[in-house]
Amino acid sequence: MVKATQKDHAQPDIVIALDTIPTENPCADFEIGDKTYHTNEVEFEDGNKDGEDRWAEFESGDKFEDINEDEFGSGDKFGDDSGYESSESDDIDFYVDNDNILDDVEVDMNDFNDNIDMDAEWVGAQEFKERVKLHAIETRRELEFEKNDKNRVRVVCRGTVPKLGNLDNSGERQQEVNNEDEEKCPWSLYASKWKRDINWMVKSYNKEHRCLQTRNVKACTYKFLAKQIASQVESNPTIPIRALQEQLQRDYQVGLSKMKVFRARTEALNQVRGDYVGRYALLRDYVLELQKHNPDTTVKIDVESEPNPNAETRTFKCIYICHGPLKKGFAAGTRDFLGLDGAFMKGPYPGQILSAVGVLPAIAKLFPCVEHRYYLRHIHENMKASWRGKQFKDLLWDCAKASTVQQFQRSMEEVRNLNNDAYEWLKNIPPQHWSHSHFTGRAHIDAMLNNMCESLNSKIVEGRDVPIITCLQYIREYLMKKIVTVQKEIDKATSPLTPTATIWVGKLKKEATQLRSVFCGNGKYQVIKNLMEQFVVDMGQQTCSCRRWELIGIPCAHAIATMWEMLKNKEIDKIPEHWVN
């Protein structure tokens, strides 16, 4: 209940009822006798003489403590449309004049959209301040946060306003000497928000600038620049600092030092690749996700304990990953060969990326019966320290490629004839680690160089200067793409072998045309090239006295000549390509 007071007429105060409690000063119509009065002054019945807030009691709920169902009756109920329904026995506060019902008029709201920006965004504190900084950079002004707290922000312009001075009687300008009266730029912005709200509203804004533009804008920090070039740095991490500097100065027309641009590029790389330190904390989560999507993947993480036994953190030492699909492919390839090589990582935490984890003593301890092969290039590099020249290199290669012990001994004698010291040095290296003549036939591979590992290291160069998880992801993605690419090449092949193996067998077939095969009985054949070169091929054991078939798993030229002889006599029905192990 509220009381309407009519001032212009000397009538008693009338108490009327309003449907809703107004939030502002409402208008009220009421009747006194046969006259109707209108007023826009409404006050509480008990007034507010003491200046007290009469709403506080209602907000606290104290005024509703004595309300019960008996005083108001139990016939009230809420409906779906009107919000409240009354029973027939209830009194109502208003009556409907059925004789004067008017249809609701159409209201044109087109002008509302003309005056209200429907796309206006409400922004938070951080975004609001970022937009102010962006405006300072785009306009090249020195904007300063004069007030900056949780609920209010006032921004003013501290730019230099040109002083032209006043004209004296002679028409010459007089220089201003009083700095206290120096004119300030009128540009200002004030925004605030309610304490319980998260959106900010601009309360006052003077967009007039009288100051001069500057190329030294404090808001143009390296962090701001990093956000602008993040996508560009992601696609080209090695973009030169000079190129970035010229581009940014051209885009924003501000002065930038090389150091600031360098820090911006570094920050952008950190944003794109992730923080170096933070990535180590996520390493275990990454491993779990990796194993979830790659079954049978083996992962081992080695850490070092902190000196303080109560510390909750550990220091990362190394990680070993063997992807499940690659593990299965290695087992199905029947090539028991591992290449060992390493590449140095860059960045704040340098380390090594090992293509296969191990060093020779560790491998010998874990797999005592495994065959160890040395990298022939390293032997040659050590040899060049004392004996240089193409002759030494060719003789070393002949010794390594010799497939029989007799061939190896003949090549070593040539080294002795050239230089006895070089012969003695080479003889001290066990031949079972670097010459085909002393290799077993288990691996079925002709590799003398570690080209597979070196090729991998050259392809992951871009992944070595990134945080740990990004590095692991880069290697995994490269291997995944490489397998797909190789499979596409295999699908194009019309031969039973891969394109590389097909070319290899083609060369052996050309060599086999110069050979003659003679059956010796018991599945053995004598293959003759000339009187000084004769070999024995055992088709039952799939071996040749030259040991090439045994070493690499691909039939040698002597075996191919034998297969052609057997095909001619219809003793076999498989072509040479089908004899590859």
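These numbers were taken from a predicted model, which means no experiment stands behind them. Along the sequence shown, residues are numbered consecutively beginning with 1.
- A side-chain donor-acceptor contact under 3.5 Å links N308 to the backbone of N310.
- Side-chain rings of Y286 and Y280 stay apart, their centers remaining 6.0 Å or farther from each other.
- Interatomic distance, I560 CD1 to C544 SG, rounded to the nearest 0.5 Å: 11.0 Å.
- Although no hydrogens or angles enter the test, the distance criterion places a donor-acceptor pair under 3.5 Å between the side chain of R265 and the main chain of I239.
- We find the CG-CD1 distance between L515 and I528 to be 10.0 Å, quoted to the nearest 0.5 Å.
- Rounded to the nearest 0.5 Å, atoms CD1 (I475) and OG1 (T470) are 11.0 Å apart.
- In this structure, F392 and W387 have tilted ring planes: the angle between them lies in the 30° to 60° band.
- Between Y320 and I301, the closest side-chain pair of non-hydrogen atoms is not below 4.5 Å.
- For NZ of K529, the number of neighbouring non-hydrogen atoms (other residues, nucleotides, ligands) closer than 6.0 Å is 12 at most.
- Cation-pi contact between R373 and F439: present, with separation from the ring centre below 6.0 Å and deviation from the ring axis of at most 45°.
- The existence of a salt bridge linking R250 and E246 is excluded, since no basic side-chain nitrogen approaches an acidic carboxylate oxygen closer than 4.0 Å.
- Side-chain atoms of T543 never come within 3.5 Å of backbone atoms of M539 as a donor-acceptor pair (strictly under, hydrogens ignored).
- A donor-acceptor pair is defined here as one N or O able to donate and one able to accept, closer than 3.5 Å; such a pair exists between the side chain of T297 and the backbone of N294.
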**Study point:** Derivation and outcome, side-chain contact (heavy atoms from CB on, under 4.5 Å), residues K300 and I319
**Key:** CA-CA 6 Å; K300 301 292 183 181; I319 183 172; over 6 Å; no

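- In terms of modelled atom types and a separation under 3.5 Å, the side chain of R516 and the main chain of T513 share no donor-acceptor contact.
- Aromatic ring pairs are classed by plane angle as parallel below 30°, tilted from 30° to 60° and perpendicular above 60°; the pair W579 and W549 is perpendicular.
- A heavy-atom distance below 4.5 Å is not found between the side chains of T485 and K482.
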Review point. Checking side chain to side chain donor-acceptor pair (under 3.5 Å) for the pair S435/S437: CA distance, chi angles, key distance, verdict?
Key: CA-CA 5 Å; S435 176; S437 60; 2.8 Å; yes

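- The two residues L472 and I321 come nearest to each other via the heavy atoms CD1-CD1, 3.9 Å.
- For the residue pair T315 / E306, a side-chain donor-acceptor distance below 3.5 Å is found, with atom types taken as modelled.
- Within the 4.5 Å cutoff, side-chain heavy atoms of I483 are placed close to those of L326.
- For the pair V527 and V536, the minimum side-chain heavy-atom distance is 4.5 Å or more.
- Between the Q407 side chain and the S403 main chain, a donor and an acceptor come within less than 3.5 Å of each other.
- Atom CZ of F145 is surrounded by more than 12 heavy atoms from other residues, nucleotides or ligands within 6.0 Å.
- The closest side-chain heavy-atom distance from L376 to L396 is below 4.5 Å.
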Point to revise | Full working for salt bridge (Lys or Arg N to Asp or Glu O under 4.0 Å) between E477 and K481 | key: CA-CA 6 Å; E477 186 172 335; K481 291 181 178 180; 3.0 Å; yes

Point to revise | Q232 and N236: CA distance, side-chain angles, deciding distance, side-chain contact (heavy atoms from CB on, under 4.5 Å) verdict | key: CA-CA 6 Å; Q232 184 177 3; N236 185 13; 5.6 Å; no

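- Counting all heavy atoms, side chain and backbone alike, K401 lies closest to R548 at O-NH1, 4.2 Å.
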Practice item. Kindly determine whether Q245 and R242 satisfy side chain to side chain donor-acceptor pair (under 3.5 Å), including the steps that lead there. Key: CA-CA 5 Å; Q245 183 185 28; R242 181 65 178 175; 3.2 Å; yes

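- The environment of K574 atom NZ is dense: over 12 non-hydrogen atoms of other residues, nucleotides or ligands sit within 6.0 angstrom.
- Summarising the local packing, CZ of R476 is surrounded by more than 12 heavy atoms from other residues, nucleotides or ligands at distances under 6.0 Å.
- By the 4.5 Å heavy-atom criterion applied to side chains, L418 and L395 are counted as neighbours.
- Side-chain contact between C220 and L256 is present, with at least one heavy-atom pair separated by less than 4.5 Å.
- Side chains of M563 and P555 form a contact here, defined as non-hydrogen atoms less than 4.5 Å apart.
- When atom types are taken as modelled, the side chain of W434 and the backbone of A400 share no donor-acceptor pair closer than 3.5 angstrom.
- Screening L290, V287, L283, D285 against I469 for a side chain to side chain contact (heavy atoms under 4.5 Å, CB included) leaves a single residue, L283.
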**Study point:** Worked verdict on L456 versus L479 for side-chain contact (heavy atoms from CB on, under 4.5 Å)
**Key:** CA-CA 9 Å; L456 174 63; L479 294 175; 4.1 Å; yes

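- Counting non-hydrogen atoms of neighbouring residues, nucleotides and ligands closer than 6.0 angstrom, the CD atom of Q541 reaches no more than 12 such neighbours.
- Annotation: K459, atom NZ; neighbour count of heavy atoms from other residues, nucleotides and ligands within 6.0 Å does not exceed 12.
- Remark: side-chain polar atoms of E511 are not paired, donor with acceptor, to backbone N or O of K507 under 3.5 angstrom.
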Review point. For E550 and Q542, what are the C-alpha separation, side-chain angles and deciding distance, and is it a side chain to side chain donor-acceptor pair (under 3.5 Å)?
Key: CA-CA 8 Å; E550 179 183 355; Q542 296 187 16; over 6 Å; no

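- Distance alone, capped at 3.5 Å, is enough to place a donor-acceptor pair between the N419 side chain and the A422 backbone.
- Separation of atoms NE2 (H438) and CD (Q432) is listed at 7.0 Å; rounding is to 0.5 Å.
- Closest of all the heavy-atom pairs between A226 and A264 is CB-O, 3.4 Å.
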**Study point:** Criterion side-chain contact (heavy atoms from CB on, under 4.5 Å) on Y423 and K427, from CA distance to verdict
**Key:** CA-CA 6 Å; Y423 168 79; K427 188 177 68 171; 3.8 Å; yes

Practice item. Evaluate ring pair (Phe, Tyr, Trp, His ring centres under 6.0 Å) for F224 paired with Y252, printing each intermediate quantity in order. Key: CA-CA 12 Å; F224 167 82; Y252 295 102; 5.7 Å; yes

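- Taking 4.0 Å as the cut-off between side-chain N and carboxylate O, K327 and D296 do not count as a salt-bridged pair.
- Counting non-hydrogen atoms of neighbouring residues, nucleotides and ligands closer than 6.0 angstrom, the NZ atom of K227 reaches no more than 12 such neighbours.
- N530 places a side-chain N or O within donor-acceptor distance of the main-chain N or O of M532, the cut-off being under 3.5 Å.
- Across all their heavy atoms, I460 and Y474 have their closest contact at CA-CE2, 3.7 Å.
- Summarising the local packing, CD of E413 is surrounded by more than 12 heavy atoms from other residues, nucleotides or ligands at distances under 6.0 Å.
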Review point. Should R284 and E289 be marked as a salt bridge (Lys or Arg N to Asp or Glu O under 4.0 Å) after you check the CA-CA gap, both sets of side-chain angles, and the distance that decides it?
Key: CA-CA 9 Å; R284 293 187 184 274; E289 194 70 16; over 6 Å; no

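- The CD1 atom of I468 lies 4.5 Å from the CZ atom of F316; values are rounded to the nearest 0.5 Å.
- Atoms OG and CD, on S545 and Q526 in that order, are 9.5 Å from each other to the nearest 0.5 Å.
- The residues K568 and E565 are annotated as salt-bridged, a charged nitrogen and a carboxylate oxygen being separated by less than 4.0 angstrom.
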